[in-house]
Colleague: 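If you scroll down you'll find the structure; I have some questions about it.
Worth knowing before you read on, the calculation uses all heavy atoms, side chains too, and leaves out hydrogens, waters and symmetry mates. Lettering of chains follows the sequences in order, A, B, ..., and the numbering in each one begins at 1. Predicted model, so just to flag it, every value in this text is computed and none were measured.
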Amino acid sequence: MTKNVLIVDDDQEMLLSLKEGLEKYDGTFSVLMAADGLIAIDKLRKHDISLVVTDLRMPRMDGFGLLAQIIEHYPDIPVIIITGYSTPEMECLAQDGGAVEYLEKPFMIDNLAQKIVATLRKESEGGTLQSVSSGMFLQLIEMEQKTCTIRLADKSSGKQGVLFFHEGEMLDARIDGRRGEEAAYEIFSWDEVNLSIQNECRQEEKKINRDLNAILLEAMRLKDEAEEPSILIEELGDTKELQLKGKTKAANVTDHIKKKLQKAIGERSGLEDIYQDSEWDGLIAQIMRLGAFFDSGKLRLIYLDKGESNDVILLPGKETYVLLVNPKCQRDRIIALLSE
Amino acid sequence: MKKLFKDILSLEDVKGVMLFSFNGELLFKEFSSPLSEEPEARDWWPLLMHSLDGVSEADLVFEKAKFYVRKTDLGYLIVMTGSFVPSAMMRLNCDMVLPALNESSVSKGRKGLFKKRS
């Protein structure tokens, strides 16, 4: 799978010349671009990024701010610093802050590319495995007392996650911006994964306090529970029994939502489209944090007005269902109906 | 600011109000009962605010609570409620508060322009 490298610089010309210069490495990695640290954070939420190359001096959020955010929230993602205002102190600060490489501008693009390739290669220095069961493999890691970072990709959904082990003990897990047990449950619910092992673990803080077996069992239980959006589980009892998979299941859920709205509200439901989309998972994860902080229970529905031609309703579950509705729809009635 | 939110806080089933700047700084909070942990103790508010970028209004419905999110000139207003809140009335109250909030952001700007001589 091609890896994504995010390049962050407020100098548009620099960004474009780097993108052009790195195009010949397309088979090894693809380039995404961001003009400052805040945009970079947004891209980190929305894409699976394997490495970040960042300038230091930028408006809104500079390279040091971005480096701190990455170390805090994405400790598995290595950062290469590029700067035109280098001083020995800056270099020290960047390396103390967690940067893996430091390059002074101007530099040869191929030189940067070599550093990117060498850093990415470390991701799989401990080996790669295809089509394995995550649970069984990870119990072996625990038994062998390994210190490593494991990157996993779910074969059915393509989702990616990371696990951090220190001497066989699982410290943390990450999917997108989600961390800790919540992320571990999702990773362990994946039946078949491809994985790569890096023989180091940059994560130091222990964010998971349950042992691996307890996490595996809980993941299985949650998986059974969360096959469909929570509000539809009870209503789709028959469907669940049918063990429908993939597109048939999605079609069944969308059909059910349409019928439910049609029956209760008719044409005035303002429903214009329904589809599955994981693009919203970052926002949903942040909102779930808010709910967890206030002990609000399971997230059932999100209604968003972005001032655009359609409002958006999100029904979170294992797969997120997105409904586009007319802003003049019977909002409260629809919310009540879909979240009851 | 407490005065501004008085009407919202007095609505049935409203549990609290928070106002965050777009950078995630907590500008105001008031809850009907004490929290076990203060919101300031968490560092993910900036990310939440950033995730809401472009959203002018949102309803977040959980099993045991609801949140109504409204964009203002100062940042995002979050009203925490139970499941039986009169939603339309709450939105109306927020509509009424917005001009005063926006005004306070303007006056804050003016204060910045005309600094007192020391």
Colleague: Can you tell me which of B:Gly54, B:Pro46, B:Ala88 forms the most heavy-atom pairs within a distance under 4.5 Å of chain A?
Modeller: B:Gly54

Colleague: Check this for me, if you would: do A:Asp10 and A:Arg60 make a salt bridge, where the nitrogen-to-carboxylate-oxygen distance has to be below 4.0 angstrom?
Modeller: no

Colleague: Under 4.5 Å, counting heavy-atom pairs only, tell me which of B:Val61, B:Val69, B:Leu60 racks up the most with chain A.
Modeller: B:Val61

Colleague: Under a 4.5 Å heavy-atom cut-off, does chain B meet the side chain of A:Ile287, its backbone, both or neither?
Modeller: both

Colleague: So, does B:Ser51 use its side chain to make a donor-acceptor pair with the main chain of A:Leu283 at under 3.5 Å?
Modeller: no

Colleague: Counting only non-hydrogen atoms closer than 4.5 Å, does B:Asn23 touch chain A with its backbone (N, CA, C, O), its side chain (CB onward), both, or neither?
Modeller: neither

Colleague: So which part of A:Glu72 gets closer than 4.5 Å to some heavy atom of chain B, the side chain, the backbone, both or neither?
Modeller: side chain

Colleague: Answer with side chain, backbone, both or neither: which region of B:Met49 has an atom nearer than 4.5 Å to a non-hydrogen atom of chain A?
Modeller: neither

Colleague: Side chain, backbone, both or neither: which part of A:Ile313 has a heavy atom under 4.5 Å from chain B?
Modeller: neither

Colleague: Looking at B:Arg70 and B:Ile78, would you say the former's side chain and the latter's main chain have a donor-acceptor pair under 3.5 Å?
Modeller: no

Colleague: More than 12 foreign heavy atoms under 6.0 Å from CD of A:Glu272: is that the case here?
Modeller: yes

Colleague: Please lay out, stage by stage, how A:Arg331 and B:Asp59 fare under the test salt bridge (charged side-chain N to carboxylate O under 4.0 Å, His left out).
Modeller: CA-CA 10 Å; A:Arg331 175 171 167 171; B:Asp59 287 290; 2.6 Å; yes

Colleague: Do the side chains of A:Arg174 and A:Asp76 get close enough for a salt bridge, i.e. N-O under 4.0 angstrom?
Modeller: yes

Colleague: Output yes when B:Glu37 and B:Arg42 qualify as a salt bridge under the 4.0 Å nitrogen-oxygen rule, no when they do not.
Modeller: yes

Colleague: Quick check on the interface: out of B:Ser36, B:Pro39, B:Ser87, who has the most heavy-atom pairs with chain A under 4.5 Å?
Modeller: B:Pro39

Colleague: For A:Lys159, is there an ion pair with A:Glu186 - N to carboxylate O distance below 4.0 angstrom?
Modeller: yes

Colleague: So which of B:Gly16, B:Ser56, B:Ala65, B:Ala58 has the largest heavy-atom pair count under 4.5 angstrom toward chain A?
Modeller: B:Ser56

Colleague: Under 4.5 Å from any heavy atom of chain B, what part of A:Asp295 do you find: side chain, backbone, both or neither?
Modeller: both

Colleague: Let's test your reading of the structure: which of A:Leu314, A:Asp332, A:Val312 forms the most heavy-atom pairs below 4.5 Å with chain B?
Modeller: A:Asp332

